[in-house]
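Working notes, beginning with the structure itself.
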Amino acid sequence: MRENGPVTSATRQPETSAAALPPRLIATDLDGTLLRDDKSVSERTVAALAAAEEAGIEVFFVTGRPARWMDVVSDHVHGHGLAICGNGAAVVDLHGGPGAHRFVKVRELARENALDAVRLLREAAPGAVFAVEQTYGFYQEPAYPKLHMEIPDTLAPAEQLLAPDAPGAGEPVLKILAFHHELDPDAFLAVARRAVGDRATITRSSPSALLEISGPGVSKASTLELCCAERGISPEEVVAFGDMPNDVEMLTWAGTSYAMGNAHPAVIAAASGRTVANNEDGVAVVIEKILAERS
């Protein structure tokens, strides 16, 4: 369970009506939101997603995960083949299955901006260590902890990983990751935002002091807005779900939004409503209510 927020009863109804307008799109975060803590998708949630699509409501997974980590939902794609990954840095077609994802849209972090962010964070938060997330590769500094169950393609200082002649130099950078062993997560986020300013977008989704740094203006919300505009869907027709600071902009943008029962306080403040925790199928609870009201 996440450390910030109480768990509410699974029988409790969401705290707001299901939607102001009939929804046309559901946008849901994965970790701490749609997924249970064991990274599974419950049968109830699978059924709710399928029922929403049968009712003509499009479903978008909107996550900080890279495309290669989308295998957790690969069995539940159904009609909703598109996902927003990397906190808005990429729109990915999941229909090919694990290892065969197609990048539909990429909003990269310019290497000069990434280098600026690294330099400024080294000055503002001594001890910060970095990793680089690209469309297909993952590279990290030797001191960056093994936070993910994967082997990095290269170990080197971030400045070398972002150099013009670095491995994968022809591949877009989606985001860089910054980790600090000692700072409080929210304090680290505040320090980083002050230091880096508008050179990048900085957020976090982990309970540890791990920051996710994307291109200026790149967020779950801004990429979701682009995808909705292409479909003629207004914010008022979107229902969004999330639990961590990287969801705040999306929940603020959507016409109807829900913080999970296990959500960070900033998420609770940003959302228009609240549902029960991820382990109690909070997303499914709301979808079932939406569909019941429609019928």
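The pair Glu112-Arg199 does not meet the salt-bridge criterion, since no charged nitrogen lies less than 4.0 angstrom from a carboxylate oxygen. The existence of a salt bridge linking Glu133 and Arg68 is confirmed by a sub-4.0 Å separation between a basic side-chain nitrogen and an acidic carboxylate oxygen. One finds no salt bridge joining Arg111 and Glu159 here, because no Lys/Arg side-chain nitrogen approaches an Asp/Glu carboxylate oxygen to under 4.0 Å. Note on Glu108 versus Lys175: no salt bridge recorded, every NZ/NE/NH1/NH2 to OD/OE distance being 4.0 Å or above.
A salt bridge (charged side-chain N to carboxylate O under 4.0 Å, His left out) check over residues 220-229, counting only residues at least two apart or in different chains, returns the pairs Asp29-Lys220, Lys220-Asp247.
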Could you walk me through whether Met250 and Thr252 pass the side-chain contact (heavy atoms from CB on, under 4.5 Å) check?
-> CA-CA 5 Å; Met250 177 175 73; Thr252 303; over 6 Å; no
Given the rule in the side-chain contact (heavy atoms from CB on, under 4.5 Å) test, do Glu237 and Glu58 qualify, once you have shown the distances and angles that lead to the verdict?
-> CA-CA 11 Å; Glu237 296 171 304; Glu58 192 167 2; over 6 Å; no
Under the side-chain contact (heavy atoms from CB on, under 4.5 Å) criterion, do His264 and Asp243 qualify, and how do the steps go?
-> CA-CA 6 Å; His264 185 281; Asp243 73 305; over 6 Å; no
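Taking the six-membered ring where the residue is Trp, Phe241 and Tyr258 present parallel rings, their angle staying beneath 30° rather than reaching 60°.
Considering only residues two or more places apart in sequence or on other chains, Thr203 meets the side-chain contact (heavy atoms from CB on, under 4.5 Å) condition with Asn87, Arg193, Glu212, Pro245, Asn246.
Between Tyr136 and Phe103, the gap from one ring centroid to the other is short of 6.0 Å.
Rounded to the nearest 0.5 angstrom, Ile26 CD1 and Glu53 CD are separated by 8.5 Å. The CD1 atom of Ile287 lies 7.5 Å from the CG atom of Leu34; values are rounded to the nearest 0.5 Å. For the atom pair CZ (Phe179) and CZ (Phe130), the distance works out to 12.5 Å, reported to the nearest 0.5 Å.
The backbone N or O of Gly215 lies less than 3.5 Å from a partner atom in the side chain of Thr201, making a donor-acceptor pair. Proximity of a side-chain donor or acceptor of Ser40 to a complementary backbone N or O of Ser42 within less than 3.5 Å is not detected. With hydrogens and angles ignored, the 3.5 Å screen pairs a side-chain donor or acceptor of His180 with a backbone N or O of Pro126. No donor-acceptor pair closer than 3.5 Å links the side chain of Asp93 to the backbone N or O of Leu82. Put simply, the side chain of Arg36 never gets that close to the backbone of Asp38: no donor and acceptor are under 3.5 Å apart.
For the residue pair Arg107/Ser222, the side-chain donor-acceptor check at 3.5 Å is satisfied.
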